Amino acid sequence: MNHLIALLALLLATQIAKAQTLIQGKVQDSKNRPLTGASIAVKDSYDGATTDSTGSFRFKTTEKGNAVLLISSIGYKLQEKAVVLNGTVLELSIVLKEEPNELTAVVISAGSFEASDRKRAAAILNPIDIVTTASANGDITGALKTLPGAQQVGEREGLFVRGGTATETKTFIDGTLVNNFFFTGAPNIAAFSRFSPFIFKGTVFSTGGYSALYGQALSSAVILESIDLPEQSVANINVSVLGIGAGFQELSKKKNSSWGLNYGYNNLTPAFAIFKQRQNYSQAPEFHNSDANFRIKTSKTGFLKYYGYYNTNRLDFTTPSVDTTGYYDRFALKNQNTYHNLTWRDNLSKKWKIQTGVSYSINKDDIHSELKDASGSKVTVTGMEFKEFTVKNRSQYFNAKLVLERRLKGLSALRFGTEYNNSNDETDYTAYNGSIFKSMVKEHLNSLFAESDMYITNDIAAKIGIRTEHSQLLNKWNIAPRASLAYKFSREAQASLAYGIFYQNPEKSLLPSNASLLFSKATHYIAQYMKTTSKRSFRLEAFYKKYDDLYKTAFVTGTSKAINNNGFGDAKGIELFWRDKQTVKTLDYWISYSYLDTKRDYLNFPSAIQPNFAAKHTASLVIKKFMSALKTNLNIAYNFNSGRPYYNILPDNNGNYKVTDQGTTPAYNNVSLGLNYLPFIGKKNRKVYDVYVLQVNNIFNFKQVYGYQYSYNGIRKQAIMPPSRMFVFVGAFISIGVDRSDEVINNGL
């Protein structure tokens with residue numbers, strides 16, 4: 001009986017062994033790297049295994065017939081593989097595709113520097129970066145000028161990018177367009193931007209190839225995202241040589257809403273008394289600034305935000321007249337500006353998001369010009385009557401935008417929406433004899449756009465978009481395709497390509513025009529290599545930009561007006577950026593360099609020439625070091641650009657423009673120094689935190705020449721230089737409620 005039982009057991013074991021199928025093989029990723037810990041299992045059974053350090057696996061199953069294997073690994077797409085289990089050995093080689101995720105996926109970055117809560121790479125500038133960059137003077141645009149692509153233009157407001165004019169760069173806050181982002185400028189004096197960097201939490205500085213969600217910018221887009229809720233209720237006070245200010249933010253007890261007010265008064269009279277200006281001011285620049293905001297968390301994922309701003313400013317000065325020796329040109333300006341922005345965003349479902357917003361702004365300029373003699377009395381000189389005039393500008397702008405987003409598989413998404421811009425510009429020009437010339441330019445611009453992010457793997461992603469616009473002013477449509485592709489070589493290194501077509505209306509100084517005009521057009525081609533960690537960032541970018549349909553002008557009844565779209569041009573170059581927070585403890589520095597080769601034939605240019613706002617070589621070095629023993633943050637910035645061309649262009653006897661004089665300015669050099677002293681650093685039990693600031697611009701007193709201004713007949717010229725060679729800022733900033741000392745010290749080191 002025992003022998004019989006043993007025989008039956010042997011026969012049974014043999015049948016079981018015959019019914020088993022051996023499954024073995026390897027699991028790898030798309031780059032043939034073995035995947036450790038991947039799971040392989042027979043669907044609807046308990047049979048399976050996991051891979052070892054070489055990606056190998058081996059197991060047996062008693063299942064038979066048609067079956068499905070499930071292969072999975074964290075960060076990779078689940079794969080199902082049909083097999084036949086018949087007792088023969090299955091040898092498998094399995095390749096899993098990555099499932100893109102926000103932490104490890106490739107970033108489409110060609111043509112842009114981005115800062116946000118999700119992207120904390122070393123390549124970006126946040127609010128603390130901006131106010132602690134010595135050459136920035138606390139201005140957003142000043143800080144962006146230390147990045148590659150931006151030019152060091154000091155005599156005109158705006159951001160000049162890659163051979164483009166300042167009007168070719170547009171600024172957006174929470175998705176909506178901001179008109180009059182800068183204060184109204186005075187002759188040969190650059191104006192600052194109106195908004196404090198501390199109201200923003202995210203910044204995208206696109207030097208080309210930007211998203212289809214934005215338009216009407218031939219060269220560049222600055223996309224700013226405002227903060228949500230403050231950490232807690234906080235008040236602040238500031239006192240400086242320029243003025244005083246105060247404000248507060250009140251956070252609700254439930255921490256689901258907040259509101260705040262700020263006011264500032266600035267008068268440069270005391271500063272100008274110490275640092276003499278080239279202009280003789282009878283009214284130094286004086287500003288009243290106020291803003292208000294509220295923020296409401298409408299749901300778990302929803303936010304309603306409002307920001308409103310109101311400013312008045314005035315100035316009045318004279319400068320020696322280049323047209324009439326012994327006399328002085330007077331320029332007086334009064335400006336009022338208000339801006340309001342209301343936005344809402346939320347998740348409509350797991351896959352749908354919405355973001356919508358409206359903005360409205362009004363800008364009023366009252367400008368007066370005349371000649372004065374040495375005693376300060378108004379005079380009228382025969383032949384110089386055109387020097388006496390008044391201009392009243394009244395501008396209203398309305399922008400509305402709706403963006404819907406549909407999440408697709410993984411990180412892939414589709415965004416689409418519409419935008420509407422309405423502008424109304426009225427100008428009254430009063431000549432010396434009382435004659436009044438009125439002009440009014442109204443525009444209704446309607447836009448539709450769509451854009452898709454497509455993540456094939458963690459290493460490959462594409463962004464495909466299209467935008468179309470209709471201008472009532474031009475009575476024309478445009479269609480602008482845009483595309484970007486990015487490939488990730490390793491966790492830190494990637495390459496990107498970008499292409500796009502961009503259109504823009506004529507700037508208001510060229511309107512109204514009796515001619516039938518087109519949109520100006522720019523086509524961008526960008527290639528980028530980037531290697532980035534949390535402490536270091538290296539970027540190398542090459543670009544080519546082709547201009548078509550630029551506006552050409554003629555001198556008609558005292559002003560230049562656009563008469564056709566026969567202008568053209570191009571810009572090409574290479575840019576480099578390196579930032580390092582790692583090599584030396586508590587030391588942060590970045591280096592940027594741009595090479596630009598550009599020519600254009602536009603406005604009254606007689607041919608395609610290098611514009612006077614473009615330098616071939618531009619570079620910046622920014623250094624920030626916290627000295628703990630002194631409780632002081634040291635900031636140094638060096639800005640350089642090679643000489644820029646200057647021209648005097650006048651019409652000949654046949655009415656054709658020609659260059660009557662030209663040259664190149666000396667190279668521009670500027671070294672600025674900043675010191676931030678934090679006396680109570682580390683004392684967390686305090687409720688009041690002080691920061692004392694000293695900043696010196698052009699500390700070595702370099703002579704800086706931006707170009708030359710010519711007399712109306714071209715006989716005389718005089719250098720255009722900064723209002724003063726050196727400027728010193730001293731201020732105290734007191735925060736009540738929130739200690740931001742660590743941010744000021746190391747900015748995330």
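These numbers were taken from a predicted model, which means no experiment stands behind them.
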Between the side chain of [X] and the main-chain N/O of [Y], is any donor-acceptor distance below 3.5 Å?
X	Y	value
Lys201	Leu224	no
Thr61	Asp47	no
Asp52	Thr54	yes
Thr468	Asn478	yes
Ser206	Ala221	no
Arg407	Lys350	no
Ser258	Pro230	no
Thr62	Gln20	no
Asn347	Ser349	no

Option from Lys255, Lys297, Lys305 for which salt bridge (Lys or Arg N to Asp or Glu O under 4.0 Å) with Asp228 holds
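Only one option passes, and that is Lys305.
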Do the non-hydrogen side-chain atoms of [X] and [Y] ever get within less than 4.5 Å of each other?
X	Y	value
Leu70	Glu80	yes
Gln79	Ile94	yes
Asn256	Ile296	no
Leu304	Leu342	yes
Asp453	Ser412	no
Ile623	Leu587	yes
Leu229	Phe303	yes
Lys77	Leu96	no

Angle class for the Phe59/Phe57 ring planes (parallel below 30°, perpendicular above 60°, tilted otherwise)?
tilted
Kindly assign one of parallel, tilted or perpendicular to the pair Phe416 and Trp352, based on the angle between their ring planes and the thresholds 30° and 60°.
perpendicular
For [X] and [Y], which heavy atoms make the closest approach, and how far apart are they?
X	Y	answer
Ser594	Gly149	OG-N, 2.8 Å
Leu85	Ala67	CD1-CB, 3.7 Å
Ala143	Ile130	CB-CG1, 3.8 Å
Ala527	Leu497	CB-CD2, 3.7 Å
Ser233	Leu251	OG-N, 2.9 Å
Lys31	Asp29	N-OD1, 2.9 Å

For [X] and [Y], test the side chains for any donor-to-acceptor distance below 3.5 angstrom and give the result as yes or no.
X	Y	result
Tyr307	Asn293	no
Gln24	Arg58	yes
Asn341	Thr176	yes
Asp174	Ser226	yes
Gln249	Gln232	no
Arg415	Ser211	no
Lys97	Ser30	no
Ser219	Lys545	yes

Hey, is [X] close enough to [Y] for a salt bridge, meaning N to O under 4.0 Å?
X	Y	value
Lys43	Glu63	no
Glu419	Arg467	yes
Glu451	Arg482	no

For the pair Glu575 and Arg539, evaluate salt bridge (charged side-chain N to carboxylate O under 4.0 Å, His left out) and give the outcome as yes or no after the intermediate values.
CA-CA 8 Å; Glu575 298 169 353; Arg539 293 165 56 108; over 6 Å; no
Once you round to the nearest 0.5 Å, how far does [atom1] of [X] lie from [atom2] of [Y]?
X	Y	atom1	atom2	answer
Leu69	Leu90	CG	CG	7.5 Å
Leu402	Thr356	CG	OG1	5.0 Å
Lys64	Asn86	NZ	CG	11.0 Å
Ser220	Phe205	OG	CZ	4.5 Å
Asn635	Thr133	CG	OG1	7.5 Å
Leu540	Phe577	CG	CZ	13.0 Å

Lys145 and Leu159: side chain to side chain contact (heavy atoms under 4.5 Å, CB included), yes or no, with the steps?
CA-CA 8 Å; Lys145 286 182 179 180; Leu159 197 56; 4.0 Å; yes
List the residues meeting ring-ring contact (aromatic ring centres under 6.0 Å, His included) with Phe172, not counting sequence neighbours, and say none if there are none.
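Here the qualifying residues are Tyr214.
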Residues forming a ring-ring contact (aromatic ring centres under 6.0 Å, His included) with Tyr593, sequence neighbours excluded:
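None.
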Dump the intermediate steps for salt bridge (charged side-chain N to carboxylate O under 4.0 Å, His left out) on Lys546 and Asp570, then the final yes or no.
CA-CA 4 Å; Lys546 184 177 183 295; Asp570 67 5; over 6 Å; no
Do you know which of Phe502, Tyr544, Tyr210, Phe543 makes ring-ring contact (aromatic ring centres under 6.0 Å, His included) with His524?
Phe502
Using a 6.0 Å distance limit plus a 45 degree cone around the ring axis, check whether Lys401 lies over the aromatic ring of Phe449.
yes
Begin with the C-alpha distance, continue with both residues' side-chain angles, and end with the deciding distance and a verdict on side-chain hydrogen bond (donor to acceptor under 3.5 Å, both in side chains) for Gln528 and Gln494.
CA-CA 8 Å; Gln528 180 203 82; Gln494 68 170 58; 4.5 Å; no
Measure centre to centre between the rings of Phe200 and Phe198, then say whether the value is under 6.0 Å.
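No - the distance between ring centres of Phe200 and Phe198 does not fall below the 6.0 Å cut-off.
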With side-chain hydrogen bond (donor to acceptor under 3.5 Å, both in side chains) as the test, would you mind laying out the steps for Ser537 and Arg579 before giving the verdict?
CA-CA 5 Å; Ser537 181; Arg579 185 170 187 178; over 6 Å; no
Could you walk me through whether Arg345 and Glu405 pass the salt bridge (charged side-chain N to carboxylate O under 4.0 Å, His left out) check?
CA-CA 11 Å; Arg345 71 174 191 268; Glu405 179 177 315; over 6 Å; no
